[in-house]
Enquirer: 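Got a structure for you, questions after.
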Amino acid sequence: MLSVYSFPAPSPQSPAPNFELFMTLRPDSTFSLVSPSINTYQFSHGAPVKLGVMASGSGSNFEAVAQAIEDQQLNAQIQVLIYNNPTAKAATRAANRGIKTVLLNHREYKNREILDQKIVETLRQYDVEWIILAGWMRVVTSVLIDAFPRRIINIHPSLLPSFKGIHAVEQALEAQVKITGCTVHLVSLEVDSGPILMQAAVPILPDDTAETLHARIQIQEHRILPQAIALATQTNRTYA
């Protein structure tokens, strides 16, 4: 693996994140470009931040966050996983790790606001400080956002602000762009908007399909989501 920094990598003594670019040549010979690059060591002190994770599907991003915590790369603990799809594999992943799970099936609520109010109640029950939307396939409302202002993090499979909404990978292929990627950002009322925390760029290869491209993007999602959580939560504690 070849890594190229525009400046030396941040050290454990660095007082602040290094906001330069970090480029990696992975074994599949495709480049990924991540910005900002950080050293998670500098965010490893103090009490673990209490996370509530929300997921609708396979839970691979949930797994990445949980594994980063286990590997001491993220100073956090997952208080609860909320899922809205009864068949979501994310619930099984959480149960296997001994993490509490709560099913809130959106089909059982009259509207999004009522669902979000129940989510807020559940998160407060588990003393959650930050919310991680790890493949949560529902639009959140002001009920949730106002309860956790600037404390909701989402990951999206494109380089925002390009290709918002569903089928972002397919949108990139249809647009015939040469580079796409993924974005971790704070959540605002506008879908797939809000301040950007971290991005990873992924090249689109000539023979890419939606499946192959999504698989490579997902590798980067798993990489940057825990880092972005560390950056957002611990920086917030430092400067709040």
Side-chain angles (χ1 to χ4, degrees), residues 21-37 53-65 82-85 87-90 93 106-107 111-112 115-116 131-142 144-145 150 152-229 231-232:
L21 301 180
F22 175 67
M23 185 160 53
T24 302
L25 178 60
R26 295 208 165 262
D28 62 3
S29 296
T30 62
F31 279 98
S32 62
L33 184 64
V34 174
S35 182
S37 65
V53 181
M54 295 165 56
S56 299
S58 69
S60 65
N61 276 312
F62 162 83
E63 188 76 29
V65 173
I82 295 176
Y83 63 109
N84 66 308
N85 181 356
T87 62
K89 294 181 180 178
R93 292 180 187 265
H106 62 276
R107 300 169 185 84
N111 55 51
R112 299 181 193 275
L115 170 63
D116 280 0
I131 304 170
I132 312 302
L133 305 183
W136 179 255
M137 304 305 292
R138 305 295 299 171
V139 175
V140 299
T141 71
S142 59
L144 184 61
I145 292 172
R150 297 184 66 85
I152 307 175
I153 294 172
N154 183 50
I155 186 158
H156 182 74
S158 80
L159 292 177
L160 293 173
S162 296
F163 311 127
K164 296 180 180 181
I166 63 173
H167 306 309
V169 174
E170 290 84 352
Q171 289 184 58
L173 288 172
E174 290 172 6
Q176 298 183 359
V177 297
K178 305 307 178 186
I179 296 175
T180 185
C182 51
T183 302
V184 183
H185 64 98
L186 296 177
V187 172
S188 65
L189 271 178
E190 183 181 348
V191 173
D192 296 326
S193 298
I196 291 172
L197 299 171
M198 188 173 290
Q199 293 182 303
V202 175
I204 298 178
L205 305 181
D207 59 349
D208 260 332
T209 64
E211 291 74 22
T212 59
L213 179 56
H214 186 262
R216 293 206 317 284
I217 292 173
Q218 201 165 53
I219 291 171
Q220 300 308 315
E221 290 180 358
H222 298 166
R223 176 184 176 193
I224 70 171
L225 180 56
Q227 293 184 31
I229 294 170
L231 180 63

Enquirer: For Val140, does its backbone N or O pair with a side-chain atom of Asp116 as donor and acceptor, under 3.5 Å?
Expert: no
Enquirer: When you measure from the side chain of Ser158 to the backbone of Ala168, do you find a donor-acceptor pair of N or O atoms at a distance under 3.5 Å?
Expert: no
Enquirer: Please round to the nearest 0.5 Å and tell me the distance separating atom CD of Gln220 and atom CG of Leu33.
Expert: 9.5 Å
Enquirer: Answer yes or no: is there a side-chain heavy-atom contact under 4.5 Å between Val187 and Ile131?
Expert: no
Enquirer: Using the rule given for side chain to side chain contact (heavy atoms under 4.5 Å, CB included), can you reason through Val184 versus Asn154, listing the C-alpha separation, both sets of side-chain angles and the distance that settles it, and then say yes or no?
Expert: CA-CA 6 Å; Val184 183; Asn154 183 50; over 6 Å; no
Enquirer: Hey, what do you get for CD (Glu170) to OG1 (Thr209), rounding to the nearest 0.5 Å?
Expert: 9.5 Å
Enquirer: Which heavy atom of Ala90 sits nearest a heavy atom of Gly59, and at what distance?
Expert: CB-CA, 3.6 Å
Enquirer: Looking at Asn84 and Arg107, what are the two nearest heavy atoms and their distance?
Expert: O-NH1, 3.9 Å
Enquirer: What is the minimum heavy-atom distance between Ala64 and Pro226, and which atoms define it?
Expert: O-CG, 3.8 Å
Enquirer: Check whether any side-chain heavy atom of Thr183 sits under 4.5 Å from a side-chain heavy atom of Ile155, and report yes or no.
Expert: no
Enquirer: Between Gln199 (side chain only) and Leu160 (backbone N and O only), is there a donor and an acceptor less than 3.5 Å apart?
Expert: yes
Enquirer: Under 3.5 Å, is there a donor-acceptor pair linking the side chains of Asn85 and Ser56?
Expert: no
Enquirer: Can you see which heavy atom on Leu231 is nearest to which on Pro36, and at what distance?
Expert: CD2-CG, 3.9 Å
Enquirer: If I take atom CD1 from residue Ile224 and atom CD1 from residue Ile229, how far apart are they, to the nearest 0.5 angstrom?
Expert: 10.5 Å
Enquirer: Using only atom types and a distance under 3.5 Å, with no angle test, would you say the side chain of Ser142 pairs donor to acceptor with the backbone of Ile145?
Expert: no
Enquirer: Quick one: CZ on Arg150 to CD1 on Ile153, what's the gap to the nearest 0.5 Å?
Expert: 11.0 Å
Enquirer: Taking the side chain as C-beta and beyond, is there a heavy-atom pair between Leu213 and Thr180 under 4.5 Å?
Expert: yes
Enquirer: Grab the two heavy atoms, one from Gly165 and one from Asp192, that are nearest each other, plus how far apart they are.
Expert: N-OD2, 2.7 Å
Enquirer: Check this for me: does any side-chain nitrogen of one of Asp208 and Arg216 sit under 4.0 Å from a carboxylate oxygen of the other?
Expert: yes
Enquirer: As an exercise, state the distance from CD1 of Ile166 to CE of Met137, rounded to the nearest 0.5 Å.
Expert: 7.5 Å
Enquirer: For Phe163, does its backbone N or O pair with a side-chain atom of His156 as donor and acceptor, under 3.5 Å?
Expert: yes
Enquirer: Do Ile152 and Leu144 come close enough that some side-chain heavy atom pair is under 4.5 Å?
Expert: yes
Enquirer: First locate atom CD1 of Ile196, then atom CG of Leu186, and finally report the distance between them rounded to the nearest 0.5 Å.
Expert: 10.0 Å
Enquirer: The test is side chain to side chain contact (heavy atoms under 4.5 Å, CB included); show your working for Val139 and Arg112 and say whether it passes.
Expert: CA-CA 8 Å; Val139 175; Arg112 299 181 193 275; 3.8 Å; yes
Enquirer: Which pair of heavy atoms, one from His222 and one from Asn61, lies closest together, and at what distance?
Expert: CD2-OD1, 3.1 Å
Enquirer: Could you tell me whether the side chains of Lys164 and Ser193 share a donor-acceptor contact shorter than 3.5 Å?
Expert: yes
Enquirer: Please walk me through it: do Gln218 and Ser60 pass side chain to side chain donor-acceptor pair (under 3.5 Å)?
Expert: CA-CA 9 Å; Gln218 201 165 53; Ser60 65; 3.3 Å; yes
Enquirer: With a 4.5 Å cut-off on side-chain heavy atoms, are Lys178 and Ile204 touching?
Expert: no
Enquirer: Taking the side chain as C-beta and beyond, is there a heavy-atom pair between Pro157 and Glu221 under 4.5 Å?
Expert: yes
